K.L.:
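Have a look at this one.
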Amino acid sequence: MAAIADHNHDRKVMVVDINKARIDAWNSDRLPIYEPGLDEVVKRRRGKNLFFSTDIDKAIRDCDIIFVGVNTPTKTFGRGAGCASDLQYWEATARNIVKVANRDKIVVEKSTLPVRTAEAMEHILSRHPKHHFEVLSNPEFLAEGSAISDLENPDRVLIGGHQTPRGKAAIKALADVYAAWVPKERILTANLWSSELSKLAANAMLAQRISSINSLSALCEATEADIDQVAKAVGMDSRIGPKFLKAGPGFGGSCFKKDILNLVYICETYGLQQVADYWRQVVLMNDYQQERLVGTVIRTMFNTLANKKLALFGFAFKANTSDTRESPAIAITKMLAEERAQIVITDPKALGHVAEDLGELASRVKTTEDPYEAAKDADAIVLLTEWDQFRGLDYGRLYRGMRKPAFLFDGRNVLDHAALRKVGFEVKAVGK
Ligand code: UDX
């Protein structure tokens, strides 16, 4: 919304949420999330044509286009638990729009939703005796850590809607918002269901590439192949391309796992068991990669971690974000703690989430923003997030502070392994 406000000075953008603390943070000098470049955009437009408020009803009345981006977590109860999306917040929002709206509105699905959700929403929205609500799907493809540049220069903007006169007019109204800065040929229109499915499909196929390269990293470790060399050779095939082929501790983030499980559930609902099994395997391979990494740590450290000190470098699910949702570091920390290792976590932005993410375990885990302090007297370093900060460290200083033999597990293959070995580290890396 900040990017839309930044490129459409003549439009008023209101961001509303039921969470007052969060809205207060958006109105303060400390935004509630860390995202490179976001502070500048918000500061530029806040109070001019970008407003943050908890007055949801006023925003529904004032605005012509309503973007709904409420959370759609994986259901934890009832039918489809563990797979299907929990749509209760979406439905409550749709009901509130019907209750409050004073004229026709365009309602845009911004949350990632199962295919044909728009149908259910239309059903609720069509209850209004006087006003018409045209539902569009406009999935967001930005990635965290590069959100602002992804928004500034998107590969495509996708708008799905009904191919009726009203549907087409709504599509045009939304396309005009993006046309302020996105070249016309990158604004793609589709029918509603294609648009909804495209978001799930894009995330599933991105995650599938990661599981594919991670599966091969296991084979590399068993042979003399090197996963980075394999990824480079494979990625230079222009049909495959070089992106999303980096082996690591498995994908995290709020989207990939949730969206794939959602896809699995939808396939099962339509009786497409083989298709469901195919996609579920992408998630199973991701879990396996994390178990495998922990297995390597245990085996290398003489089959016991009890009372050994491990320094975990990185807790965020990827670099340049404070987000830890579904971070591989969470599952890996839990598995290492079960082996009774003493764990110290260091991360430049994400330590604030450790307590909540680890629950009871958090009291047994230490945290510090200083990587040298984390590594002090440790038996091993396990690198899980590819922060630039970790690349620039003084390896000799780290090594000198540690117990010997000192191990380093590079879960992201981002460090200079030859230089690490030179100062004395015993190095293990993914797919090497
Ligand atoms: C993803 C999609 O990229 C984005 O289009 C969608 O809108 C939301 O979900 P995000 O989860 O923010 O974005 O991050 P992304 O960069 O896709 O990374 C996801 C996970 O995959 C991270 O844990 C990352 O470390 C991992 N990853 C990514 C790899 O392990 N290897 C790679 O080559 C790329």
Side-chain angles (χ1 to χ4, degrees), residues 3 33-36 38 69 71-72 109-113 137-151 153-158 195-218 227-228 230-232 234-235 240-263 282-283 285-290 292-293 313-332 347 349-350 353 357 383-388 390 410-414 429-431:
I33 57 169
Y34 170 72
E35 186 63 49
L38 178 65
N71 53 338
T72 52
E109 295 181 338
K110 203 70 189 158
S111 322
T112 304
L113 292 162
S137 156
N138 173 218
E140 183 50 63
F141 294 101
L142 69 79
E144 288 181 34
S146 55
I148 295 296
S149 62
D150 292 348
L151 284 166
N153 192 19
D155 286 345
R156 78 309 207 180
V157 167
L158 179 59
S195 174
E196 288 182 337
L197 180 58
S198 297
K199 177 66 202 262
L200 291 182
N203 276 348
M205 292 192 71
L206 287 168
Q208 179 210 41
R209 280 173 75 97
I210 301 171
S211 278
S212 296
I213 204 74
N214 284 342
S215 77
L216 293 169
S217 76
I227 196 63
D228 286 333
V230 173
K232 183 160 187 202
V234 170
I240 298 173
K243 295 182 183 168
F244 268 71
L245 287 181
K246 187 78 184 153
F251 55 78
S254 65
C255 291
F256 282 175
K257 186 174 173 192
K258 171 175 84 86
D259 290 354
I260 294 175
L261 291 176
N262 198 345
L263 186 63
V282 173
V283 175
M285 183 54 64
N286 202 51
D287 296 340
Y288 171 68
Q289 185 74 351
Q290 288 161 20
R292 225 167 54 70
L293 192 146
F313 278 29
F315 199 67
F317 82 94
K318 62 189 248 190
N320 299 322
T321 177
S322 55
D323 198 340
T324 59
R325 285 175 292 174
E326 298 292 340
S327 176
I330 300 173
I332 290 170
D347 189 289
K349 295 283 176 197
H353 294 293
D357 290 341
L383 186 141
L384 296 176
T385 313
E386 72 283 24
W387 285 101
D388 271 346
F390 298 149
D410 187 353
R412 294 275 185 175
N413 289 348
V414 288
V430 183

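This one's a predicted model, so the numbers in the text were calculated from it and none came from an experiment. Here, residue 1 is the first one in the sequence, and each next residue gets the next number. Order of listing sets the numbers, starting from 1, for every ligand and every atom in it.
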K.L.:
In terms of atom number and element, which parts of ligand 1 are under 4.0 angstrom from non-hydrogen atoms of L245?
P.N.:
33 (O)

K.L.:
With a 4.5 Å limit on heavy-atom distance, are the side chains of N320 and W387 in contact?
P.N.:
yes

K.L.:
Which residue and atom name correspond to the protein heavy atom nearest atom 15 (P) of ligand 1, and how close is it?
P.N.:
K318 NZ, 3.5 Å

K.L.:
Please state which protein non-hydrogen atom is closest to atom 17 (O) of ligand 1 and give its distance, to 0.1 Å?
P.N.:
F244 CZ, 3.1 Å

K.L.:
I need the minimum non-hydrogen distance between A247 and V430, along with the two atoms involved.
P.N.:
CB-CG1, 3.9 Å

K.L.:
So if I count the atoms of ligand 1 from 1 in the order they appear, which ones are less than 4.0 Å from some heavy atom of R412?
P.N.:
24 (C), 25 (O), 30 (O)

K.L.:
Is L142 touching ligand 1 with its side chain, its backbone, both, or neither, if touching means heavy atoms under 4.0 Å apart?
P.N.:
backbone

K.L.:
Give the table of side-chain donor-acceptor pairs shorter than 3.5 Å for residues 250-261, with sequence neighbours excluded, one pair per line with atom names and distance.
P.N.:
unit_1	atom_1	unit_2	atom_2	d
K258	NZ	T72	O	3.4
K258	NZ	T72	OG1	3.2
D259	OD2	N203	ND2	2.7

K.L.:
Looking at every non-hydrogen atom in both residues, tell me the closest pair between N413 and A429 and how far apart they are.
P.N.:
OD1-CB, 3.0 Å

K.L.:
Identify the protein heavy atom lying closest to atom 12 (O) of ligand 1, giving its residue, its atom name and the separation to 0.1 Å.
P.N.:
E144 N, 2.7 Å

K.L.:
Any nitrogen or oxygen of G248 lying under 3.5 Å from a nitrogen or oxygen in ligand 1? Just yes or no.
P.N.:
no

K.L.:
Would you check the N or O atoms of G252, main chain and side chain alike, for any that come under 3.5 Å of an N or O of ligand 1?
P.N.:
yes

K.L.:
Against ligand 1, does K243 come closer than 4.0 Å with any heavy atom?
P.N.:
no

K.L.:
Among protein heavy atoms, which sits nearest to atom 19 (C) of ligand 1, and what does the distance come to when rounded to 0.1 Å?
P.N.:
F256 CE1, 3.5 Å

K.L.:
Could you identify the single nearest non-hydrogen protein atom to atom 26 (C) of ligand 1 and state the distance to 0.1 Å?
P.N.:
I210 CD1, 3.8 Å

K.L.:
Among protein heavy atoms, which sits nearest to atom 33 (O) of ligand 1, and what does the distance come to when rounded to 0.1 Å?
P.N.:
K246 N, 2.9 Å

K.L.:
Please determine which of S217, P249, S215 meets the side-chain contact (heavy atoms from CB on, under 4.5 Å) test together with Q289.
P.N.:
S217

K.L.:
So, K199 and E109, do they make that salt bridge, N to O below 4.0 Å?
P.N.:
no

K.L.:
Do K349 and D323 sit within salt-bridge range, that is, some charged N less than 4.0 Å from a carboxylate O?
P.N.:
no

K.L.:
Is there a heavy atom of R209 sitting under 4.0 angstrom from any atom of ligand 1?
P.N.:
no

K.L.:
Please determine if K199 has a nitrogen or oxygen closer than 3.5 Å to a nitrogen or oxygen of ligand 1.
P.N.:
yes

K.L.:
Nearest protein heavy atom to atom 11 (O) of ligand 1, by residue and atom, and its distance?
P.N.:
F317 CE1, 3.6 Å

K.L.:
Of all the non-hydrogen atoms in the protein, which one sits nearest to atom 8 (C) of ligand 1, and at what distance?
P.N.:
C255 SG, 3.4 Å

K.L.:
Tell me, do E140 and L151 make a side-chain contact under 4.5 Å, heavy atoms counted?
P.N.:
yes

